[in-house]
Amino acid sequence: KQEVTQIPAALSVPEGENLVLNCSFTDSAIYNLQWFRQDPGKGLTSLLLIQSSQREQTSGRLNASLDKSSGRSTLYIAASQPGDSATYLCAVRPNTGTASKLTFGTGTRLQVTL
Amino acid sequence: GAVVSQHPSRVICKSGTSVKIECRSLDFQATTMFWYRQFPKQSLMLMATSNEGSKATYEQGVEKDKFLINHASLTLSTLTVTSAHPEDSSFYICSAMGGWGTEAFFGQGTRLTVV
């Protein structure tokens, strides 16, 4: 059974710092991995999608990497801003089966202070 | 990214009544939709997977007669919480995909409070 872990569970950084969020998964047979952001009381916003054949994806100040063989992904946020404060979730999709279900990590709660 | 609209965003209902939550994909056809439940400060728990025109597949421990899912078209799925009880109070989120393995997009969520 796939298990997804995110470290740290919570993180507080001052504005302007660069930071890295970690995601690890136990079964490397994945089709893709997706990073999401969730604001309190809201749904999920898709940030980046990395296919299993890719090593990284970039969008603005965000860069996500994937090392499938070691079961790890990182989300790098450059020059953090207070508006980046949210919970960040990673999720993996298996490369087998028809249900295409995502397995979510427990999330990292990020607070960027002024 | 694509837009998934979920309605209502908040609902309060009395015990014993039923509540319907709608999930619409606004700019793409969703062959598969997922319904999740989220408890405070926890991650998402998948309740069921629905494919257009067929019966939903429920996860273990989820009562299919209590949580009725209908995916009648490629742009609409509904979740009906029947005979709601206070323990059904939670945050419910839907997700939609245009095809197998494609990017998943999520609705804004529905905060259900049963009094």
Side-chain angles (χ1 to χ4, degrees), chain A residues 1-10 21 23 25 29-54 57 59-60 62 64 86-111, chain B residues 1-10 21-25 28 30-51 54-60 62 90-113:
Chain A
K1 179 186 173 185
Q2 179 74 272
E3 292 183 3
V4 182
T5 305
Q6 289 185 247
I7 295 173
L21 308 180
C23 171
F25 46 95
I30 64 168
Y31 188 81
N32 57 37
L33 181 147
Q34 210 167 339
W35 280 94
F36 297 91
R37 164 189 177 135
Q38 184 176 30
D39 292 287
K42 304 292 185 182
L44 274 65
T45 300
S46 179
L47 297 174
L48 289 163
L49 171 71
I50 310 179
Q51 302 295 347
S52 61
S53 59
Q54 297 176 318
Q57 281 285 342
S59 176
L62 306 179
T87 296
Y88 290 80
L89 295 160
C90 68
V92 297
R93 177 171 286 111
N95 62 7
T96 57
T98 58
S100 195
K101 295 183 285 190
L102 288 171
T103 300
F104 280 87
T106 48
T108 294
R109 196 160 55 254
L110 172 66
Q111 183 173 12
Chain B
V3 178
V4 174
S5 177
Q6 189 173 338
H7 179 80
S9 58
R10 289 179 180 272
I21 302 170
E22 291 189 350
C23 180
R24 295 180 184 272
S25 56
F28 67 103
T31 55
T32 306
M33 287 188 171
F34 303 87
W35 286 95
Y36 296 85
R37 183 172 179 175
Q38 187 177 33
F39 293 100
K41 296 188 178 181
Q42 294 188 26
S43 193
L44 280 69
M45 181 190 79
L46 180 64
M47 298 174 66
T49 303
S50 72
N51 292 293
S54 61
K55 289 184 178 180
T57 302
Y58 290 81
E59 295 299 300
Q60 193 171 10
V62 178
S90 191
F91 192 60
Y92 294 87
I93 310 176
C94 71
S95 172
M97 287 171 39
W100 194 94
T102 59
E103 192 169 357
F105 297 98
F106 284 75
Q108 308 95 314
T110 297
R111 170 71 58 194
L112 170 63
T113 302

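Every heavy atom of this structure was used, including side-chain atoms; hydrogens, water molecules and symmetry mates were not. What you see is a predicted model; the values in this text were computed from it and never measured.
Residue contact with chain B, scored on non-hydrogen atoms closer than 4.5 Å, is absent for A:Gln6. If you measure heavy-atom distances from A:Leu44 to chain B, the contacts under 4.5 Å come from both the backbone and the side chain. Using a 4.5 Å cut-off between heavy atoms, B:Gln6 makes no contact with chain A at all.
Within the 4.5 Å cutoff, side-chain heavy atoms of B:Met33 are placed close to those of B:Cys23.
Note on B:Lys41, B:Met45, B:Gln38, B:Gln42: by heavy-atom pairs under 4.5 Å with chain A, the leading option is B:Gln38. The greatest number of non-hydrogen atom pairs below 4.5 Å with chain A, out of B:Val4, B:Ile93, B:Leu44, is found for B:Leu44.
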Let me see the working for B:Tyr92 and B:Met47 under side-chain contact (heavy atoms from CB on, under 4.5 Å), right down to the final yes or no.
CA-CA 10 Å; B:Tyr92 294 87; B:Met47 298 174 66; 3.7 Å; yes
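Inspection of the B:Glu103 and A:Ser46 side chains reveals an N or O donor paired with an N or O acceptor under 3.5 Å.
The aromatic rings of A:Phe104 and A:Phe36 sit tilted relative to each other, their planes meeting at an angle between 30° and 60°.
For B:Thr110 (side chain) and B:Pro8 (main-chain N/O), a donor-acceptor pair under 3.5 Å exists by modelled atom type.
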